[in-house]
Amino acid sequence: WAGRAYGQRAMSASIFSKMSLAKKCRESWEKAVAIDPAFLDARNELLRYYLIAPGIAGGSVEKAREQAAGIAAVDVTQGHVARGRIAEHEKDLAGAETAYRKAAETDAKGTMGPIALAVFLGGQKRWGEARAIFEKRLAADPEDATAVYQLGRVALFSGEEMEKGVALFDRYLALPFPEDGPTHADARWRKGLLLEKLGRTPAAIAEYREALKADPAHRGAKRELE
């Protein structure tokens, strides 16, 4: 958390302070991994840092690969996702797709892997393939809340089947949300974004307000309402 705090400060700091704060950010995560090599939150933060930061600030694709190997040793699915991120960074789209498909295949919980693959496919504007991942799951289990939410999300980002997307978020709101998954406040925020795209601004405002009733600290809903 110290690393995240330093990172937030670095984003808005002057050019003279950025380097010092970035170093503290990286060192915090490196210390966290040294204390507990199985702490994947810190390893994932380090991987992202190594890919984004310039070399002068400690950025390094090779170091990112080391973190991916460390992640894979603890969690196979997260390891595949980490390798997919590195491949995307290097513009190796075929390699990234292979990694994300392996993540989807190995994810026993059916959350991180399929979502990472769908996000990748969406980034390539392959919306039909992204949608198919979750339509297949929903056909097998109509109560699959993760599939319902992700189909609504695909509708939002693709701009396709948006009315259906609104209905999907309503459907999600009628289900218990998954542990560690999107909350009902998240669903209302996403639904509001869809309603805005459809030109239904008063209805969107109402959803943002409902989201903030459920979670007064929800950043997305607060930002959109303002």
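Everything quoted here is computed from the prediction, not taken from an experiment.
- Under the ring pair (Phe, Tyr, Trp, His ring centres under 6.0 Å) criterion, Tyr208 pairs with no residue, sequence neighbours left out.
- Distance CE/Met162 to NZ/Lys164: 14.0 Å, rounded to 0.5 Å.
- Looking at Phe134, Tyr149, Trp189 one by one, the single match for ring pair (Phe, Tyr, Trp, His ring centres under 6.0 Å) with Tyr172 turns out to be Tyr149.
- Hydrophobic clustering keeps Tyr6 apart from Phe39 (ILVMFWY residues linked when any side-chain heavy atoms are closer than 4.5 Å, directly or through intermediates).
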Steps toward side chain to side chain contact (heavy atoms under 4.5 Å, CB included) verdict (Tyr100, Arg85): CA-CA 9 Å; Tyr100 290 134; Arg85 288 174 179 164; 3.7 Å; yes
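- The heavy-atom pair separating Gly152 from Leu168 by the smallest distance is N-CD1, 3.8 Å.
- Separating the CG atom in Leu151 from the OG atom in Ser158 is a distance of 10.0 Å, to the nearest 0.5 Å.
- Residues passing the ring pair (Phe, Tyr, Trp, His ring centres under 6.0 Å) test with Trp29, sequence neighbours excluded: none.
- Between Pro37 and Val74 the shortest heavy-atom distance is O-CG2, 4.4 Å.
- Residues in residues 166-180 take part in these salt bridge (Lys or Arg N to Asp or Glu O under 4.0 Å) pairs, two or more places apart or across chains: Asp170-Lys191.
- Between Ala116 and Val81, the shortest heavy-atom distance links the atoms CB-CG2, 4.0 Å.
- By the ring pair (Phe, Tyr, Trp, His ring centres under 6.0 Å) test, Phe177 is found to be paired with His184, residues two or more places apart in sequence or in another chain being considered.
- Interatomic distance, CZ of Arg9 versus SG of Cys25, reported as 11.5 Å (0.5 Å rounding).
- Linking Ile, Leu, Val, Met, Phe, Trp and Tyr whenever their side-chain heavy atoms come within less than 4.5 Å puts Leu195 and Ile205 in one cluster.
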Distance-only criterion, 3.5 Å: show the donor-acceptor pairs between side-chain atoms of residues 216-226 and protein atoms not counting sequence neighbours.
| residue | atom | partner | partner atom | Å |
| --- | --- | --- | --- | --- |
| His218 | ND1 | Gly220 | N | 3.3 |
| His218 | ND1 | Ala221 | N | 3.1 |
| His218 | NE2 | Asp186 | OD1 | 2.7 |

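- Between Ile86 and the options Glu88, Glu90, Arg83, a side-chain contact (heavy atoms from CB on, under 4.5 Å) holds for only Glu90.
- For the side-chain hydrogen bond (donor to acceptor under 3.5 Å, both in side chains) condition, the pairs that include at least one residue of residues 106-117, sequence neighbours left out, are Thr77-Thr106.
- By the side-chain contact (heavy atoms from CB on, under 4.5 Å) test, Ser17 is found to be paired with Ala13, Ser14, Leu21, residues two or more places apart in sequence or in another chain being considered.
- Ionic pairing of Arg101 and Glu105 is not present here: no N-O contact between side-chain nitrogen and carboxylate oxygen is shorter than 4.0 angstrom.
- For residues 192-204, the salt bridge (Lys or Arg N to Asp or Glu O under 4.0 Å) pairs, not counting sequence neighbours, are Glu163-Arg200.
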If you look only at distance, which donor and acceptor atoms sit under 3.5 Å apart when one is on a side chain in residues 44-63 and the other is two or more places apart or in another chain?
| residue | atom | partner | partner atom | Å |
| --- | --- | --- | --- | --- |
| Asn44 | ND2 | Leu40 | O | 3.0 |
| Asn44 | ND2 | Gln78 | OE1 | 3.1 |
| Glu45 | OE1 | Arg48 | NH2 | 3.1 |
| Glu45 | OE2 | Arg4 | NE | 2.6 |
| Glu45 | OE2 | Arg4 | NH2 | 3.1 |
| Tyr49 | OH | Ala22 | O | 3.4 |
| Tyr49 | OH | Ala57 | O | 2.7 |
| Tyr50 | OH | Glu30 | OE2 | 2.8 |
| Ser60 | OG | Glu62 | N | 3.3 |
| Ser60 | OG | Lys63 | N | 3.1 |
| Glu62 | OE2 | Arg65 | NH1 | 2.6 |

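- Legend: residues meeting side-chain hydrogen bond (donor to acceptor under 3.5 Å, both in side chains) with Glu129, ordered by chain and number and at least two apart, are Arg126.
- With rounding to the nearest 0.5 angstrom, the CG atom of Leu138 is 13.5 Å from the CD1 atom of Ile133.
- Scanning all heavy atoms of the two residues, the minimum distance from Ala42 to Ala32 falls at CB-CB, 3.8 Å.
- Looking at residues two or more places apart in sequence or on another chain, you find a side-chain contact (heavy atoms from CB on, under 4.5 Å) between Lys23 and Arg26, Glu27.
- When side chains are defined from C-beta on, Arg153 counts as touching Val119, because their heavy atoms get closer than 4.5 Å.
- Clustering ILVMFWY residues whenever any of their side-chain heavy atoms sit less than 4.5 angstrom apart, transitively, puts Val148 in the very cluster that holds Phe157.
- Among all heavy-atom pairs drawn from Gly95 and Ala87, the shortest one is C-CB, 3.9 Å.
- When every heavy atom of Ala147 is checked against every heavy atom of Arg137, the shortest pair comes out as CB-CB, 4.1 Å.
- Distance CG/Leu156 to CG/Leu194: 4.5 Å, rounded to 0.5 Å.
- Not counting sequence neighbours, Lys18 has no partner by the side-chain hydrogen bond (donor to acceptor under 3.5 Å, both in side chains) test.
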